[in-house]
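Just so you know, these numbers come straight off a predicted model, no measurement behind them. Every chain is numbered from 1, with letters handed out A, B, ... down the list of sequences.
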Amino acid sequence: MLHITDCQISADDWLIALPNIAIASGELCVITGPSGIGKSTLLHWLLGDVVQHVNISGTISLNNVQLNSLKIEQRRIGLLMQDVLLFPHLNVLDNICFALPADGGMWGTKNPTKHQRKAQALAMLESIDMAHLAHHTSEQLSGGERSRVGLIRALANEPQALLMDEPFSALDPKTSAQVSEWAFHHLRSKGVPSIMVSHDINAIPAHAQHLDLAQYYRRI
Amino acid sequence: MATTLRRLAFYSSGLLVMCIAGLPVIGLTLGLWPPVELSWHDVSRFVEYNGLTTSILNSLFLSLAAPVIAWYVAFLVYSQYRFSPAWQSLEKRLSPLLSLPHLAVALGLVYLFSSGGLLWNSIAVPEWLSLPRKSLLTMMLALTIKEVPFFLLIFGALGRQLPIKSWLLQGRALGHSEAASWWLLVFPALLKQSRLALLAAMAYCLSVLDISLLVGPNIPQLYAVVLYHWQTGFSAIEQSQAFIANLVLLLLLGVLVAAIYLHEWLAVKRIHYHGVMAHRLKMASLGRLFSYWLVSFSVLSIAILVTFFLWSVGWNSQSHISSADLSFTLWQAEWFFMQTPLFNSLVIGLISSGVGVGVSLLALELQQQKQTYLPDYLWLMAILLPQLSMVYGWQIAHTAFSGGYGMSWVVLAHVPFTFAYSYLVLRGPFQSIDRRYELLAASFGFSYWQRWWLIRFRLLSPALLSAFAIAFSVSMAQYISTLMIGAGRVVTITTEAVAIASGNEQGITAVYILVQAVLPFMVFLIASILAHRLRGSVNVTYH
Amino acid sequence: MMWQIFSLLGLTSRSLPVLPRHVLIVLMFYVGFASAVNAQQATASQVQWQQILKQAQGQTVYFYAWGGAKPVNDYLRWASKEIASRYKIRLQHVKVADITEALSRLKAEDGGKSAIDLLWVNGENFSYLKEQNLLLGELNSRIPNTSLLANEQLPLDSDFGVPIDGFEVPWGVGQFNLIARSEVFNEATVTPSTLLAAAKQYPGRISYPRPPEFHGTTFLKQLLVALTHSDKRLYAPVTDAAQTELLPVLWAYLEQLHPLTWQQGKAFPSSNTEQLGLFQQNQLVMAVSFNPNQLFKEQSANKIPQSAQRLVFSLGAITNSHNLAIPKGAQSPEAAMVVIDFLLSEFAQTQKLTGEWGDPAVIKALVDEAATLPAQQELHSSWQQVIEALWQQRYGA
């Protein structure tokens, strides 16, 4: 369960006071709004990154743990960006291995060997029928493939919540629809609360919460 | 407690960086001063020196034109080869010319292409087409040819961190040709990021002595030669002239720095104008010419190497190909005496370039953490300041501390140079790394230093290899500092080679120049092969 | 000892035969007496020398010397081997591209402990070191083999006009000569007019090293001597009057010569070695050298045509010595003296003369008057600076 309370985004001459948000396991919240209003910045703030250009205040809590004072690496929140940013010096399999928790996580063996980690990563690729791409590099993948690998990599880390910044908007409409449907399904089944920033109001799944920042915008 | 420790670590590493980067300034402050007080008479004598203005203008022109031309050639070559399958072989083929000393390239060029030279003798070519033995043109050609691979190496390291492919894609999507997209989108970024390399090349051209003596014009002489004569004349008059000349040299460096910014501003402004007005870029079609570069470059490298090899086996202008009794006696006789110098060079080169690369990484990291970058030229003092005075200052300090003549002192004397060169290679790539990679790694639970090591360091490793190779070749090329601090106790292949080359004896000079080039050649080659293995962020693409 | 007496009396070996007989008898008596006194001194100095030899054992001598000539480097390798086996001294040749690098070190050390034990030096560099009091003195009285020096036959007392005074020891002799293709000059000597004629016949193929390179300056001195018929004032400190009277003839000559030289005088070779290279490649028909045996060495190495010939200026070759000096702060001065002693020995001087290097000997036993080129006295050192400065003023830009 991800809670965001008393959240305010402010700049010199405007302010957005968000309603309190609660996102349950497997639930998706889509944030929309005109560009420049601070959608992506909000995600970076949730992630724990340094926020530039605007001020954001509020309380974040995840499974009843308050996150505000924690560093990025302690929050256990995943991030999926439009540029998937697979690490270029690693192949697909190693990208996933990189994200696997050091202690083996919930599903794997405790303190796995390198071999076991690779097997685990390969199993995850197999589950989405992409095992044949294991030894490819980022540049050898198509856009859709890259997005899928990106999501698998994010999930491999077993995040407590997932943030997505227009994750599928670079794909052509048909692929985008396919991949996003696949992704939402996957997220629901894993029970990860997720927030997605999107500029496309028509692409909001029926089951998702929707938060339009423009509604709460006011000039000061 | 932890904060105190961290702060302590921060400041002590800052101190270390400052010490290394500041050594050149210390050297110059100790070594610059004339033994006698200066009078206006000295100044007027300096100003009245016959041909001084021409010397200065020639030197200034040379050190502006040669690097800038080399930069543009390298840019065009890079644009032709970057996404062609030949890129990898190009990077490897750069190694021989990168590792040959500048002097060798000049010698080879003059020997091959001047009248009476090898080629011009064997095929009858009109006199006016041949390369003058001594002229600004010859000098400029030699320097330009030698600097092109240097810039290509720098671009190679930079290009891995820049999303060039997607820039080009966007440019073409907006209706520009690929060649025009290179100019409109890639050119400004590369120009800015390789500013330090350009500055280093300019400073080198301004102060280089051996090539100036060999192929530079000498009526009047280039400024570096005039300065050298004063500096090595020990009369009070000459010393005061040398002092003023060194100050003028610093001034000229200031002019070069200003010229770099001015050129950048003008060039980028012009490009933006074309971009905004959507004019067709006429010069864009020029690029195709440079797709022949790899072939001609390889032929030239081989021709120079073959020339040197022939010299080293006793071939000279008296021999005829048929009757030449080529022999390896020189090689056999010298090999025994070359082993220790080679070994010393290797050890000093590996340690000093390792330290140099390490310290420049540290310098970049500290600036990154502080979020403030000091002006570029502060870091490049070792390259910019007048070397003879600077090393003389070190020698005074070294003598005052009664320092020994061991290898560690020589390494210390090399580190400011290896540091400066690796800094100039690494700065662009270090700053261009997409920080979102580290952000992602943070979201996966990796701490700051884990991210640094697993992401930043790995992404940088191809650039680190280039930096190491350049630093190694710079350490290998050190003559004055090795001789002055090592005092003949530490003999390197370069102290031998430079002394021997001063006698212009073809055979033995060729042997030593070839041997001198072997170690850097191997390091460059290994670095380019490893860089492809490690990949780094090669071909970054954004969607 | 004997030569000192002769020169005290204003005599030279050449004027000896014309002395009246009774003077000679007196003289010989005096010499006999002197050598008896010498015998005692000799034993004392022999003891001293034995001590030096003993102290020198195990020391290393760092010998700073120009490293640009393979024959010299090879000779020093040979000497190192000999010295190691004879005296248990390690001779380490520190090759430098320019001996000023050694001077710069001595300057930085400022008379203190020095990293240099021995250096190869002459001319203005010696003059500077002597003036700055950076050299060990009294080498002549300390090193036994200095008694072998051929002071009568060769000008070994001063170095470019600066008295040596025991601060350096002559090692070899340079005599300025030209090397030319056989068809260029018809006679064995060169005069300014035959040189000009040759330049007209071979336009663009004659040149000289750019002053202040010292071969180039010497070339100008040779011309000046010839053009002024060896005016006496050239051997005394420069005066304004001498300058204004003597130099214009040189400049007038160069005005004629330069348009006919290599690249029409718009460029000159940077050094004698560069000029030799151009000669080898047949770009020039003439080279300059200070080594009278250079021609034969180049020919035997088949680097120049077998027909090439050696020439000197008709009034004689400017002759000077190149020398060995020990810095005051040297760490192994004893061993350095032993090395000098060895290098002056007949054995080492023979090897130097007859070996690859071919540098003329400086000791009496080996000075071959027949092989020595007719010598021309070196100009007073003050002329050098004047010539160089005015040349730069007129032709340097």
Side-chain angles (χ1 to χ4, degrees), chain B residues 31 35 49-55 111 114-117 132-135 210 213-214 216-221 225 229 231-235 316-319 330 333 337 388 392 395-396 398-399 402 405 479-480 483-484 487-489 491 495-496 498-508, chain C residues 62-64 66-70 72-74 77 92-98 100-101 103-105 107-110 112-113 115-116 124-125 128-129 132 210 212 262-263 265-274 276-278 280-283 301-305 385 392-397:
Chain B
Y49 185 79
N50 187 22
L52 187 73
T53 321
T54 321
S55 291
Y111 189 73
S114 66
S115 77
R133 294 255 170 181
K134 279 179 188 293
S135 72
D210 52 0
L213 279 170
L214 193 78
N218 65 10
I219 301 291
Q221 294 160 311
V225 180
H229 280 312
Q231 198 134 25
T232 55
F234 289 92
S235 70
N316 63 41
S317 46
Q318 296 303 307
S319 353
L330 265 182
F337 297 97
L388 217 51
Y392 179 66
Q395 198 175 23
I396 292 177
H398 180 242
T399 314
S402 333
Y405 308 114
Y479 169 70
I480 286 287
L483 183 74
M484 285 198 170
R489 274 68 168 170
V491 180
T495 59
E496 297 285 284
V498 172
I500 283 164
S502 71
N504 290 319
E505 281 178 35
Q506 259 177 21
I508 186 96
Chain C
Y62 289 95
F63 180 19
Y64 278 58
W66 183 59
K70 183 176 184 299
V72 179
N73 297 347
D74 288 347
R77 281 174 185 169
Q92 184 77 41
H93 177 191
V94 179
K95 298 189 189 75
V96 292
D98 189 329
T100 54
E101 285 144 17
L103 265 74
S104 153
R105 165 166 282 281
K107 196 175 137 203
E109 289 164 347
D110 199 21
K113 196 177 140 194
I116 305 176
E124 39 184 355
N125 293 328
Y128 170 78
L129 291 175
Q132 297 289 313
R210 187 200 195 282
W262 188 59
Q263 310 213 348
K266 290 188 195 93
F268 290 83
S270 292
S271 63
N272 67 314
T273 50
E274 192 187 320
L276 185 64
L278 290 169
Q280 288 168 351
Q281 291 167 29
N282 201 14
Q283 289 301 292
N302 199 28
K303 287 181 181 166
I304 60 173
Q385 280 143 30
Q392 171 65 27
Q393 197 63 44
R394 291 176 160 267
Y395 309 109

Can you tell me how far apart [atom1] ([X]) and [atom2] ([Y]) are? Round to the nearest 0.5 Å.
{"X": "C:Asn73", "Y": "B:Ile508", "atom1": "CG", "atom2": "CD1", "value": "7.5 Å"}
{"X": "B:His229", "Y": "C:Gln392", "atom1": "NE2", "atom2": "CD", "value": "9.0 Å"}
{"X": "B:Tyr49", "Y": "C:Gln393", "atom1": "OH", "atom2": "CD", "value": "9.0 Å"}
{"X": "B:Ser235", "Y": "C:Glu124", "atom1": "OG", "atom2": "CD", "value": "8.0 Å"}
{"X": "C:Leu276", "Y": "B:Asn504", "atom1": "CG", "atom2": "CG", "value": "9.0 Å"}

Structural part of [X] lying under 4.5 Å from a heavy atom of chain C:
{"X": "B:Leu330", "result": "side chain"}
{"X": "B:Ile500", "result": "both"}
{"X": "B:Thr495", "result": "backbone"}
{"X": "B:Ser502", "result": "both"}
{"X": "B:Gln231", "result": "neither"}

Indicate yes or no for a side-chain donor-acceptor contact from [X] to the backbone of [Y] under 3.5 Å, with no hydrogens or angles considered.
{"X": "C:Glu101", "Y": "B:Ile480", "value": "no"}
{"X": "B:Arg489", "Y": "C:Ala115", "value": "yes"}
{"X": "B:Tyr479", "Y": "C:Ala97", "value": "yes"}

At their closest point, which heavy atom of [X] faces which heavy atom of [Y], and how far apart are they?
{"X": "C:Ser270", "Y": "B:Leu213", "result": "OG-O, 2.5 Å"}
{"X": "C:Ala108", "Y": "B:Gln395", "result": "CB-OE1, 4.0 Å"}
{"X": "C:Gly68", "Y": "B:Glu505", "result": "O-OE2, 3.7 Å"}
{"X": "B:Met484", "Y": "C:Ser104", "result": "CE-OG, 3.3 Å"}
{"X": "B:Asn218", "Y": "C:Ala267", "result": "OD1-CA, 3.2 Å"}
{"X": "B:Leu483", "Y": "C:Arg105", "result": "O-NH2, 4.5 Å"}

Worksheet item: Are C:Lys95 and B:Glu496 within salt-bridge range, i.e. N to O under 4.0 Å?
Response: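 So C:Lys95 pairs with B:Glu496 through a salt bridge.
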Worksheet item: Do B:Lys134 and C:Glu274 sit within salt-bridge range, that is, some charged N less than 4.0 Å from a carboxylate O?
Response: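 Yes.
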Are any non-hydrogen side-chain atoms of [X] and [Y] less than 4.5 angstrom apart?
{"X": "C:Gln281", "Y": "B:Arg133", "result": "yes"}
{"X": "C:Tyr395", "Y": "B:Ile219", "result": "no"}
{"X": "C:Lys303", "Y": "B:Gln506", "result": "no"}

Side chain / backbone / both / neither for [X] at chain B, heavy atoms under 4.5 Å:
{"X": "C:Tyr62", "value": "side chain"}
{"X": "C:Lys70", "value": "both"}
{"X": "C:Pro305", "value": "both"}

Fill in: Among the listed options B:Pro220, B:Ala333, B:Gly216, the residue most often paired with chain C at heavy-atom distances under 4.5 Å
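So the answer, after comparing B:Pro220, B:Ala333, B:Gly216, is B:Pro220.
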Worksheet item: Of the listed residues (B:Gly488, B:Ser402, B:Gly233), which shares the most heavy-atom pairs with chain C below a 4.5 Å separation?
Response: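 That would be B:Gly488.
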Worksheet item: side-chain hydrogen bond (donor to acceptor under 3.5 Å, both in side chains) with B:Thr53: which residues, sequence neighbours excluded?
Response: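 Here no residue qualifies.
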Worksheet item: With respect to chain B, which residue among C:Gln92, C:Gln132, C:Lys107 yields the maximal number of heavy-atom pairs within a distance under 4.5 Å?
Response: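 Going by pairs under 4.5 Å, I would pick C:Lys107.
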Fill in: For chain B, the option from C:Arg77, C:Gln280, C:Gln385, C:Glu109 that forms the most heavy-atom pairs under 4.5 Å
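Between C:Arg77, C:Gln280, C:Gln385, C:Glu109, the count favours C:Arg77.
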Worksheet item: For C:Tyr128, what residues pass the ring pair (Phe, Tyr, Trp, His ring centres under 6.0 Å) criterion, not counting sequence neighbours?
Response: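 By the ring pair (Phe, Tyr, Trp, His ring centres under 6.0 Å) rule, C:Tyr128 matches B:Phe234.
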